[in-house]
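Below is one structure, written out as structure tokens; comments come after it.
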Amino acid sequence: MNSFPLEPDRVQMSTMGNLVLAEVMDFIDRLPDRPVSNDTDPRTTNELVAGLLTPPPEKSGDLTALLGQLRRAADCAGEAGSPGFMAFVPGGGIYTSALAEFYTRAVNRYGGLAFAAPAFAALEESVVRWIAHEVCGLPEGSGGLLTTGGSMAAFSAVIAARHHYLGEELSDGTVYVTRYTHHSLAKAARLAGIRARNIRVVSCTKDLRMDVAAAAEMIRADREAGLRPFLLVGSAGTTDTGTVDPLNALADLAEREQVWFHVDGAYGGFFALTERGRDRLAGMERADSITLDPHKTLFLPFGTGALVVRDRARLAAAHESTAAYLQDVDSPDGLPDYAHVGPELTRENRGLRVWLPLHLHGVSAFRDALDEKLDLTSLVYRALTEIPALEVPWQPDLTTVAFRVRAHDRTAAAASTADAATQRLLDQINAKGRVLLSSTVIGGRQIIRVCILTHRTHIDRVTELLDLISSATADLA
Ligand SMILES: Cc1ncc(COP(=O)(O)O)c(C=O)c1O
């Protein structure tokens with residue numbers, strides 16, 4: 001094949017584009033039947049990795065050969081977008097978002113300051129406003145930005161809370177999470193200069209929700225000790241079990257105590273698009289800031305998170321920064337400079353990859369898909385509660401079902417035998433490569449999690465999952 005110049009002509013663009021498109025279509029065709037977990041043998045993996053770690057050549061390469069290399073690299077991976085991927089928090093990867101991203105990269109619109117591409121800034125801002133107002137129910141004056149994921153959203157949220165309540169004196173600021181709060185929140189707090197020992201882990205009630213009375217008591221005791229409580233974190237869907245904290249009660253507490261209330265809706269936030277989700281997430285709209293992850297619950301490819309805040313000015317106050325060489329920048333009124341509400345200056349426009357799927361498929365397509373996942377989860381929950389050998393301790397709030405092998409009695413020995421059996425059960429369910437579940441530890445006990453969240457997971461694969469669990473449980477007996 002010919003080599004291609006840095007600026008190809010239309011024929012060359014088409015040749016390259018068609019080759020890549022064919023490869024992508026093949027990939028998506030193969031995806032549902034590929035093993036969910038990475039089944040590449042270690043020797044092949046080592047060879048592939050060694051081959052890809054080499055520096056680029058001086059002379060031009062061959063696109064077909066390079067795409068062959070990419071295919072082998074892509075196949076050497078777990079399939080997080082597979083209909084059978086129900087481990088961790090799945091990531092779908094819808095095609096239309098990938099197309100939007102291709103377009104975004106091709107036109108390469110600067111996304112840091114609105115003056116550079118005002119209409120593209122408006123397009124991104126329409127997505128942010130939709131999330132803030134329509135999805136989360138935040139009032140006028142709210143706003144935010146699209147980030148690369150939930151962790152970065154949490155980071156900017158903590159920075160805003162810290163700036164608002166602590167100013168520059170950080171040493172006595174305290175933060176309140178639970179053991180089930182995603183670790184990115186504690187990490188964000190530490191990165192924001194909060195002492196690790198000032199990150200308080202509030203106890204939970206039996207249903208794994210933050211114990212609001214315990215949080216209130218901790219805040220009171222910390223104030224009495226001369227510390228400055230400034231940030232209370234509620235989860236709108238924990239990673240372990242998808243449990244939603246009592247958001248209204250936490251909002252009351254935050255209001256009473258004058259602390260920032262952040263809701264981590266990286267997993268659960270977009271379920272507010274559904275009626276059931278809105279009920280379960282009641283109180284989220286009272287937060288000072290909310291994380292949502294389009295790359296989880298809108299099925300987008302990895303790399304898109306969102307932070308929305310009740311008062312956009314507070315986010316801006318924490319991030320604002322300027323320099324003489326930016327004096328010619330004059331952004332149009334009413335459009336945001338994302339560089340002034342987040343840590344990055346140069347950034348890609350992140351709007352189109354959300355905007356195009358939303359406008360092309362319509363919001364109802366996403367609402368229906370999320371409703372379907374809630375239905376499938378209820379089905380799994382009911383089916384598992386009917387298997388006597390299993391224990392399903394918590395009714396799911398969202399789309400995660402947690403279960404384990406039932407212990408014969410309440411002794412430590414029985415718990416340990418049941419834990420070992422739970423691990424064997426997990427291995428057996430995953431062994432065929434048709435589904436992938438993951439595990440966690442709750443209350444010192446092994447737990448298997450089913451998290452249903454890719455747009456490709458439908459009743460057929462869930463039925464297969466239930467058959468696999470039934471027969472693996474029978475084998476165990
Ligand atoms: C509840 C929750 N919050 C935050 C995060 C972090 O988001 P990200 O991985 O996009 O940085 C995750 C990731 O799984 C999550 O499940």
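Positions are given from 1 along the sequence. Bear in mind the structure is a predicted one, so any value in this text is a computation, not a measurement. Order of listing sets the numbers, starting from 1, for every ligand and every atom in it.
- With respect to Glu124 and Arg109, no salt bridge is recorded, no charged nitrogen being found less than 4.0 Å from a carboxylate O.
- The protein heavy-atom contact nearest to atom 8 (P) of ligand 1 is Gly150 N, 3.4 Å.
- Listed by number with element, the atoms of ligand 1 under 4.0 Å from a non-hydrogen atom of Asp293 are 7 (O), 8 (P), 10 (O).
- The protein non-hydrogen atom at the shortest distance from atom 16 (O) of ligand 1 is Thr239 OG1, 2.8 Å.
- Among protein heavy atoms, atom 9 (O) of ligand 1 sits closest to Lys296 NZ, 3.6 Å.
- Residue Gly149 has at least one heavy-atom neighbour below 4.0 Å for each of these atoms of ligand 1: 10 (O).
- For ligand 1, the atoms closer than 4.0 angstrom to any heavy atom of Ser184 are 4 (C), 6 (C).
- Residues Glu348 and Arg353 are paired through a salt bridge, judged by an N-O separation under 4.0 Å between the basic side chain and the carboxylate.
- The Gly237 neighbourhood of ligand 1 comprises atoms 1 (C), with distances under 4.0 Å to a heavy atom of that residue.
- Not close to ligand 1: Gly305, with no non-hydrogen atom less than 4.0 angstrom away.
- In this view, Glu372 satisfies the salt bridge (charged side-chain N to carboxylate O under 4.0 Å, His left out) rule with no residue, not counting sequence neighbours.
- Here His295 has side-chain heavy atoms under 4.0 Å from ligand 1, and that is the only part of it that gets that close.
- Here atom 6 (C) of ligand 1 lies nearest to His182 when heavy atoms of His183, Met152, His182 are compared.
- Applying side chain to side chain contact (heavy atoms under 4.5 Å, CB included) to Leu123 and the options Leu352, Val354, Thr104, Leu356 leaves one that passes, Leu352.
- Under 4.0 Å from ligand 1, heavy atoms of Ser151 appear from its side chain as well as its backbone.
- Closest heavy-atom approach to atom 2 (C) of ligand 1 within the set Thr181, Asp264, Val89: this belongs to Asp264.
- Interatomic distance, Ile131 CD1 to Phe270 CZ, rounded to the nearest 0.5 Å: 4.0 Å.
- Salt bridge annotation for Glu217-Arg220: present, with a cationic side-chain nitrogen under 4.0 angstrom from a carboxylate oxygen.
- A donor-acceptor contact closer than 3.5 angstrom is absent between the side chains of Asp240 and Thr238.
- Salt bridge Asp252/Arg286: present, at least one basic N to carboxylate O contact under 4.0 Å.
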